[in-house]
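Keep in mind that what you see is a predicted model, and the values were worked out from it rather than measured.
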Amino acid sequence: SKDGDTSVTIPGTVTTIGQDAFAGNTRITSVTIPNSVTSIGANAFQGDTALTTVKMGSGVQIIGGSAFSGDIALTSMSLPSSLLSIGANALNNTALETVEIPVGVTSIGAGTFSDMQNLEAIKVASGNNAYSSSDGALYNSAGTKLIFVPRAKSSITIKAGTTVIGSNAMDGNENLTAITIPDSVTSIEENALSGTGIKSISIPKTVTSIAEQSNWDVEEIKGYAGST
């Protein structure tokens, strides 16, 4: 029911939590998802503003788009090793401080970690074929592309060997004031640095491409030939 107990335990006969199943329920504080569930539908728990704890069973393979988006009190949730796919905006605007990505996850949708103001670290299980992590940031498996820097980080040292700083990688991270870019980087994609708190940046000579960075109030750019 939409307005039942504050603690919800999904029955062990359920295999799919449907789209919008508990969306907009502002009373639920905790949810227990049994091992029988393999799929959590889009928007399933979206906007459940009192939800603090999700105990996810060991069978979940798919978390749908915006499944937990806007769950601003959500501080406790572990992703099971069965997980394969995380939909776009799935964890957007939740209060998680750390997210551990299991080994089998091969797809993380756009905006999954956006507006997570408390997020300090993304950790990827070793052996993952699609993603890796370094200094709490998310990279592709080869470690050549920086995908996302958590919002609560104030500084980032991009790992050596990185060639691409991905689009929107640090977009809107006002806390981020210090960045170190290795001289392996050749490309900085669109809005990678938009809305950050970085005022001074040193860009290595290896960088040959910098796409448009909107809403970035930088004061000093060192090293890049195309800078003024």
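Side-chain atoms of Asn129 and Ser141 include no donor-acceptor pair closer than 3.5 Å. Looking at Ser30 and Ser7, their side chains do bring a donor and an acceptor atom within 3.5 Å of each other. Side-chain N/O atoms of Thr144 and Asn140 include a donor and acceptor closer than 3.5 Å. Asn175 and Ser154 share no side-chain donor-acceptor pair at under 3.5 Å.
Transitive grouping of hydrophobic side chains (ILVMFWY, heavy atoms separated by less than 4.5 Å) keeps Met116 and Ile72 in distinct clusters.
Within 6.0 Å of NZ on Lys199 lie more than 12 heavy atoms contributed by other residues, nucleotides or ligands.
Without hydrogens or angle criteria, Ser184 side chain to Gly161 main chain gives a donor-acceptor distance under 3.5 Å. Looking only at distances, no side-chain donor or acceptor of Thr196 sits under 3.5 Å from a matching main-chain atom of Asn173. Side-chain N or O atoms of Asn128 include one that pairs as donor or acceptor with a backbone N or O of Tyr131 at under 3.5 Å. Within the 3.5 Å criterion, the main-chain N or O of Gly111 finds a donor-acceptor partner in the side chain of Ser114. Between the side chain of Asn168 and the main chain of Ala192, no donor-acceptor pair closer than 3.5 Å is present.
Ring planes of Phe113 and Phe148: tilted class, angle from 30 to 60°.
Each of Asn89, Thr94, Leu91, Asn93 was checked for a side chain to side chain contact (heavy atoms under 4.5 Å, CB included) with Asp115, and the lone residue meeting it is Asn93.
Contact of the Lys145 side chain with the Ile165 side chain is not registered, since no non-hydrogen atoms from C-beta on lie closer than 4.5 Å. Counting heavy atoms from C-beta outward, Ile86 and Ile101 have side chains that approach closer than 4.5 Å.
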Working for salt bridge (Lys or Arg N to Asp or Glu O under 4.0 Å), residues Lys153 and Asp135: CA-CA 10 Å; Lys153 286 184 74 68; Asp135 192 21; 3.5 Å; yes
